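Worksheet: the structure to be examined is printed underneath.
Predicted model, so just to flag it, every value in this text is computed and none were measured.
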Amino acid sequence: MKRAIFPGTFDPFTIGHYSIVQRGLSFFDEIVIGIGLNQSKKTLFSVDKRLDIIRQAFIDDSRVKVASYDSLTVDFALSVDANFVLRGLRSVVDFEYERSIADANRKLTGIETVILFTESEYSFISSTVTRDLIAFGKDISTFLPPNVKL
């Protein structure tokens with residue numbers, strides 16, 4: 001079985017994240033979306049709310065699992081028997097950062113990273129932009145996956 005993890009903070013999980021997972025399912029039998037608990041990041045939504053949002057998005061797809069973790073991402077991958085890390089890139093700015101982490105992960109564990117470029121219609125959407133719009137009372141429904149209500 002080809003299992004990947006898709007790690008992130010996902011505060012909140014956007015249509016861009018959803019698209020990466022949907023496209024990743026053409027390569028992997030199962031994807032475990034891992035919400036990393038990063039104490040240095042101030043989040044808008046609780047971990048439980050973020051887990052719930054992602055479960056809503058994939059309610060009809062048993063190939064997608066969701067969990068939170070408080071460890072190195074590669075240790076989380078090993079704990080769920082994942083062979084791959086799935087990542088999405090919005091721009092070239094993200095590339096060097098992702099490459100250095102992918103190189104370290106492969107060196108430490110042999111786990112490969114698969115990178116998918118964000119579809120152009122979603123490249124401007126980020127969790128940060130989405131949180132800012134929420135703070136100002138804007139409608140973000142088009143930024144969220146199907147089935148998701150905040």
Side-chain angles (χ1 to χ4, degrees), residues 3-28 30-80 82 84-105 111-150:
R3 180 178 294 128
I5 61 163
F6 182 48
T9 306
F10 304 122
D11 185 42
F13 192 80
T14 69
I15 189 75
H17 298 128
Y18 179 81
S19 172
I20 294 293
V21 173
Q22 287 294 98
R23 291 167 50 217
L25 287 168
S26 67
F27 302 104
F28 304 111
E30 184 176 276
I31 296 176
V32 180
I33 301 171
I35 298 176
L37 304 179
N38 185 338
Q39 303 304 325
S40 66
K41 282 192 177 182
K42 184 176 180 341
T43 57
L44 179 62
F45 297 100
S46 70
V47 173
D48 288 339
K49 179 65 175 175
R50 287 180 276 157
L51 289 164
D52 184 55
I53 289 168
I54 297 168
R55 286 183 184 122
Q56 285 177 45
F58 296 99
I59 196 162
D60 295 323
D61 198 331
S62 62
R63 300 172 298 164
V64 179
K65 312 289 186 223
V66 187
S68 63
Y69 66 97
D70 190 10
S71 63
L72 288 174
T73 297
V74 290
D75 290 338
F76 173 66
L78 293 171
S79 76
V80 297
F84 302 91
V85 175
L86 175 64
R87 298 294 292 159
L89 287 184
R90 284 189 312 250
S91 69
V92 71
V93 174
D94 298 336
F95 178 77
E96 285 300 326
Y97 173 76
E98 293 294 342
R99 180 181 175 180
S100 64
I101 291 174
D103 288 346
N105 289 345
I111 291 175
E112 291 287 349
T113 298
V114 174
I115 295 175
L116 297 179
F117 292 98
T118 303
E119 293 172 283
S120 58
E121 64 263 31
Y122 304 135
S123 64
F124 70 96
I125 299 173
S126 70
S127 292
T128 302
V129 168
T130 305
R131 283 192 309 274
D132 288 346
L133 293 171
I134 291 168
F136 286 97
K138 300 298 181 186
D139 177 14
I140 58 150
S141 58
T142 59
F143 286 29
L144 299 176
N147 303 320
V148 171
K149 305 276 187 279
L150 296 183

Discussion item. I'd like to check Ile53 versus Leu144 (side-chain heavy atoms, cut-off strictly below 4.5 Å). Are they in contact?
Written reply: no

In terms of heavy-atom contacts, Asp70 and Leu37 come closest through OD1-O, 3.6 Å

In terms of heavy-atom contacts, Arg90 and Thr118 come closest through CG-OG1, 3.6 Å

| query | Do the side chains of Lys149 and Ser141 get nearer than 4.5 Å, heavy atoms only? | reply | no

- Message: Tell me whether Phe117 at atom CZ has more than 12 heavy atoms from other residues, nucleotides or ligands lying less than 6.0 Å away.
- Response: no

Separation between CZ (Arg99) and CG (Asp94), nearest 0.5 Å, reads 15.0 Å

**Asked** Considering residues, nucleotides and ligands other than Lys138, do more than 12 of their heavy atoms fall under 6.0 Å from its NZ?
**Response** no

To the nearest 0.5 Å, atom CG of Leu89 lies from atom CD1 of Ile20 at 8.0 Å

Just by distance, do the side chain of Arg3 and the backbone of Val32 share a donor-acceptor pair under 3.5 Å? no

Fill in: Under 3.5 Å: donor-acceptor pair, side chain of Ser79, backbone of Phe76
yes

Check: Just wondering, do Pro146 and Tyr18 contact through their side chains at under 4.5 Å, heavy atoms?
Finding: yes

Check your understanding: Taking side chain as C-beta onward, heavy atoms only, is Val129 less than 4.5 Å from Phe143?
Key -> yes

Might you work through the side-chain contact (heavy atoms from CB on, under 4.5 Å) test for Val21 and Ile54, ending with a clear yes or no?
CA-CA 11 Å; Val21 173; Ile54 297 168; over 6 Å; no

CG of Asp75 to OH of Tyr69, rounded to nearest 0.5 Å, is 10.0 Å

message: Is any side-chain heavy atom of Ile111 closer than 4.5 Å to one of Ile5?
response: no

Between the CZ atom in Arg55 and the CG atom in Asp61, the distance rounded to the nearest 0.5 Å is 14.5 Å

request  = Just do the side-chain contact (heavy atoms from CB on, under 4.5 Å) check on Arg50 and Thr43 with the steps written out, would you?
outcome  = CA-CA 10 Å; Arg50 287 180 276 157; Thr43 57; 3.9 Å; yes

- Message: Taking the side chain as everything from C-beta on, heavy atoms only, tell me whether Ile33 gets closer than 4.5 Å to Phe13.
- Response: yes

Here the gap from Ile35 atom CD1 to Phe10 atom CZ, rounded to the nearest 0.5 Å, amounts to 7.5 Å

Sequence neighbours excluded, the answer for side chain to side chain donor-acceptor pair (under 3.5 Å) partners of Thr113 is none

* Using a distance-only test with no angle check, is there a side-chain donor-acceptor pair under 3.5 angstrom linking Ser46 and Asp48? -> no

Is there side-chain contact between Tyr122 and Thr14, with heavy atoms separated by less than 4.5 Å? no

Residue set satisfying side chain to side chain donor-acceptor pair (under 3.5 Å) with Asp132, at least two apart, ordered chain then number -> none

Of all heavy-atom pairs linking Gln56 and Asn147, the shortest is OE1-O, 3.1 Å

Notebook entry, point to check: Taking C-beta and beyond as the side chain, do Phe28 and Val114 meet within less than 4.5 Å on heavy atoms?
Noted result: yes

N/O donor-acceptor pair under 3.5 Å between Ser127 side chain and Pro12 backbone = yes

Quiz item: Are there more than 12 heavy atoms of other residues, nucleotides or ligands under 6.0 Å from atom CG of Leu150?
Solution: yes

Checklist entry - Is a donor on one side and an acceptor on the other found under 3.5 Å between the side chain of Arg131 and the backbone of Ser126? => result no

Inset, instruction - Test Ile15 against Thr142 for side-chain contact (heavy atoms from CB on, under 4.5 Å), laying out the working first. - result: CA-CA 8 Å; Ile15 189 75; Thr142 59; over 6 Å; no

dist Leu116:CG -> Gln22:CD (nearest 0.5 Å) comes out at 12.0 Å

